[in-house]
Amino acid sequence: MIGNSFYDQVYEIARLIPKGRVTTYGAIAKALGAAKSSRMVGTAMIHAHDPRLKVPAHRVVNRNGLLTGKHHYDTPTQMQELLTADGIQVIDDQVQDFEKVYWDPITEL
DNA sequence: GTGTTGACCCCAA
DNA sequence: TTTGGGGCCAACA
């Protein structure tokens with residue numbers, strides 16, 4: 001059963017994020033035609049914990065490339081380690097070379 | 001049913 | 001640099 005809710009659209013795009021790349025909440029919201037609803041993208045990610053969704057929430061960061069949602073993981077380093085495992089350098093909750101690893105769902109999709 | 005909060009973003013002073 | 005305001009809307013008390 002595939003829903004068409006805003007959340008499901010967010011999850012759909014999040015799954016398309018290539019390994020070793022990241023995107024932002026705002027970019028996803030904008031790609032869905034709801035640029036001002038970027039907040040909802042973040043809220044949706046909280047629900048993304050459900051393993052059935054298979055959403056790589058760790059590849060979604062805020063506009064500054066900062067890991068704002070890391071506190072929602074089991075451990076404060078979980079998100080950072082997942083990104084590092086993807087080949088992304090993360091120092092002090094900040095994605096390094098953010099411009100290079102940034103994946104724009106609008107341009108790339 | 002109302003009020004507050006929040007993994008955000010943009011703009012102004 | 002920090003602070004404040006507006007917008008969006010789901011989840012929660």
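- Of the candidate nucleotides B/dG6, B/dC8, B/dC10, B/dC8 has the atom nearest to the side chain of A/T68.
- A donor-acceptor contact shorter than 3.5 Å links the side chain of A/H49 to the backbone of A/H72.
- Nucleotides C/dG4 and B/dT5 place their P atoms 15 Å apart, quoted to the nearest Å.
- Between A/D50 atom CG and C/dA11 atom P the separation is 14 Å, expressed in whole Å.
- Rounded to whole angstrom, the span from the NE2 atom of A/H71 across to the C1' atom of B/dA7 amounts to 10 Å.
- Among the nucleotides B/dA7, B/dC9, C/dA10, the one closest to the side chain of A/N62 is B/dC9.
- Residue contacts for A/H47: at a heavy-atom cut-off of 4.0 Å it reaches the sugar-phosphate backbone alone, with no base atom in range.
- Within the nucleic acid shown, A/Y7 comes within 4.0 Å of sugar-phosphate atoms alone, with no base atom in reach, counting heavy atoms only.
- In this structure, the side chain of A/D86 does not engage the main chain of A/I88 through any donor-acceptor pair within 3.5 Å.
- Of all nucleotides listed (C/dC8, B/dC9, C/dA11), B/dC9 comes nearest to the side chain of A/T24.
- Checked by atom type and distance alone, the side chain of A/Y25 never pairs as donor or acceptor with a backbone atom of A/M45 at under 3.5 Å.
- Checked by distance alone, A/S37 brings no side-chain donor or acceptor within 3.5 Å of a matching partner on the base of C/dC8.
- Closest to the side chain of A/H49, from the set B/dC9, C/dA10, B/dA7, is B/dA7.
- Taking atom CD of residue A/Q9 and atom C1' of nucleotide C/dC8, one finds them 16 Å apart after rounding to whole Å.
- Among the protein residues, A/A57 comes within range of the nucleic acid bases, having at least one heavy atom under 4.0 Å from a base atom.
- Taking atom CD1 of A/I28 as the reference point, atom C1' of B/dA7 lies 11 Å away to the nearest angstrom.
- Taking the P atoms as reference points, B/dT4 lies 15 Å from C/dG5, given to the whole Å.
- For C/dT2 and B/dA7, the C1' atoms lie 23 Å apart once the distance is rounded to whole Å.
- Here A/I28 contributes atom CD1 and A/I106 contributes atom CD1; the two are 10.5 Å apart, rounded to the nearest 0.5 Å.
- Out of B/dC10, B/dG6, B/dA7, the shortest distance to the side chain of A/H72 is found at B/dA7.
- Look at CE on A/M40: it is 10 Å from C1' on B/dT5, rounded to the nearest Å.
- Whole-Å rounding puts the A/L32 CG to C/dA10 P distance at 14 Å.
- A residue-by-residue look at A/T43 and A/R39 shows that A/R39 has its nearest nucleotide of DNA chain C further toward the 5' end.
- One atom, CG of A/D93, and another, C1' of B/dA7, lie 13 Å apart when rounded to the nearest Å.
- Between the CZ atom of A/F6 and the P atom of C/dC8 there is a distance of 13 Å, rounded to whole Å.
- Residue A/M45 has its side chain nearest to B/dA7 when only C/dA11, B/dA7, B/dG6 are considered.
- Checking each of A/I17, A/V55, A/T24 against A/V60 for a side chain to side chain contact (heavy atoms under 4.5 Å, CB included) leaves exactly one that passes, namely A/I17.
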